[in-house]
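To start, the structure under review is shown below, and the notes come after it.
Everything numeric here is computed off the predicted structure, so don't read it as measured data.
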Amino acid sequence: MRTIGLDVGERRVGIAICDTAGILATPYSAIERNRLDLDISAISEIATKEEVSRIVVGMPFSLDGSEGYQAKKTLIFYEAIKKTMDPITVELWDERFSTDEAARRLSEAGITPSRNKARLDASAAAVILQSYLDAHRIS
């Protein structure tokens, strides 16, 4: 079962995908935000092409667990994609610190995150997806 993870931002949606065994998440791409319906259409095309059965949307909770401005915008995106993507399962997943972790990893690899925003967004989506996969792995 293939799963994609999404890091929904103001300007881009970072996308990551896992292997067919559901073990390893890797950055896939980032799409520039346009209109909500066009954003969802672009993700739907990727989901169809990659034979995805699950989408994990990163939810940017505040440090205290509350829903701030970006979380509310992400919920709107989540509800819209959930309605559109049937029969694909769409879930929310806590994404606190995913962008920081992705930036750290890119820096360690010698890549300047501030100059590679799309790559940073896709890497943040991979951090979100990997966290989800690790939490749901059956031992």
Side-chain angles (χ1 to χ4, degrees):
M1 168 171 67
R2 292 197 88 178
T3 302
I4 58 175
L6 304 177
D7 179 34
V8 181
E10 287 286 324
R11 295 187 181 151
R12 283 172 299 282
V13 177
I15 304 168
I17 192 163
C18 73
D19 59 329
T20 55
I23 296 172
L24 182 63
T26 56
Y28 185 84
S29 69
I31 60 166
E32 294 293 324
R33 296 291 307 266
N34 197 335
R35 286 191 336 241
L36 183 59
D37 61 328
L38 297 176
D39 300 342
I40 291 172
S41 178
I43 293 165
S44 178
E45 287 178 26
I46 293 168
T48 300
K49 175 184 168 195
E50 299 296 340
E51 300 178 350
V52 167
S53 60
R54 181 179 319 274
I55 297 173
V56 176
V57 178
M59 180 64 170
F61 291 109
S62 300
L63 292 179
D64 64 2
S66 64
E67 294 176 8
Y69 172 77
Q70 190 58 40
K72 289 176 180 163
K73 292 191 77 141
T74 299
L75 277 174
I76 292 168
F77 185 93
Y78 164 76
E79 291 297 334
I81 200 166
K82 190 174 176 182
K83 287 178 188 173
T84 306
M85 298 304 285
D86 189 51
I88 296 173
T89 302
V90 181
E91 297 182 45
L92 285 173
W93 190 252
D94 188 348
E95 70 145 292
R96 281 178 273 194
F97 303 112
S98 62
T99 301
D100 293 337
E101 176 66 16
R104 184 188 63 76
R105 291 179 185 182
L106 287 173
S107 292
E108 288 174 356
I111 299 164
T112 307
S114 62
R115 292 188 183 159
N116 296 279
K117 297 287 190 181
R119 193 171 197 174
L120 176 61
D121 293 335
S123 295
V127 170
I128 294 163
L129 181 54
Q130 191 64 57
S131 170
Y132 175 88
L133 295 171
D134 291 347
H136 290 83
R137 186 161 297 126
I138 299 171
S139 329

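Under a hydrophobic-cluster definition in which Ile, Leu, Val, Met, Phe, Trp and Tyr are linked whenever side-chain heavy atoms come within less than 4.5 Å, directly or via other members, L75 and L6 are assigned to the same cluster. No chain of hydrophobic side-chain contacts below 4.5 Å, direct or via other Ile, Leu, Val, Met, Phe, Trp or Tyr residues, connects L129 to L24.
Closest approach of K82 to V90, counting heavy atoms only: CA-CG2, 4.0 Å. Listed here is the closest heavy atom pair of A118 and A30: O-CB, 3.6 Å. The minimum heavy-atom distance linking E10 with R33 is given by the pair O-CG, 3.4 Å. Summarising the geometry of S29 relative to A122, their closest heavy-atom pair is O-CB, 3.4 Å, with the distance given to 0.1 Å. The two residues M85 and I55 come nearest to each other via the heavy atoms CE-CD1, 3.6 Å. For V8 against T74, the heavy-atom pair with the smallest separation is O-OG1, 4.2 Å.
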- Item | side-chain contact (heavy atoms from CB on, under 4.5 Å) evaluation trace for I23 with L133 | CA-CA 6 Å; I23 296 172; L133 295 171; over 6 Å; no

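How far CD1 of I4 is from CD1 of I46: 6.5 Å, rounded to the nearest 0.5 Å. The distance from the CD1 atom of I31 to the CZ atom of R12 is 11.0 Å, given to the nearest 0.5 Å. Rounding to the nearest 0.5 angstrom, the gap separating the CD atom in E91 from the CE atom in M59 is 14.0 Å. Note that the CD1 atom of I43 and the CZ atom of F77 stand 3.5 Å from one another [nearest 0.5 Å]. Note that NE2 of H136 and OG of S131 are 9.5 Å apart. Values are rounded to the nearest 0.5 Å. Once rounded to the nearest 0.5 Å, the distance linking CD1 of I40 with NZ of K83 reads 10.0 Å.
In this structure the side chain of V13 never reaches within 4.5 angstrom of the side chain of D121, judged on heavy atoms.
Results of the side chain to side chain contact (heavy atoms under 4.5 Å, CB included) test with Y132 over L92, V56, V127 single out V56 as the only residue that passes.
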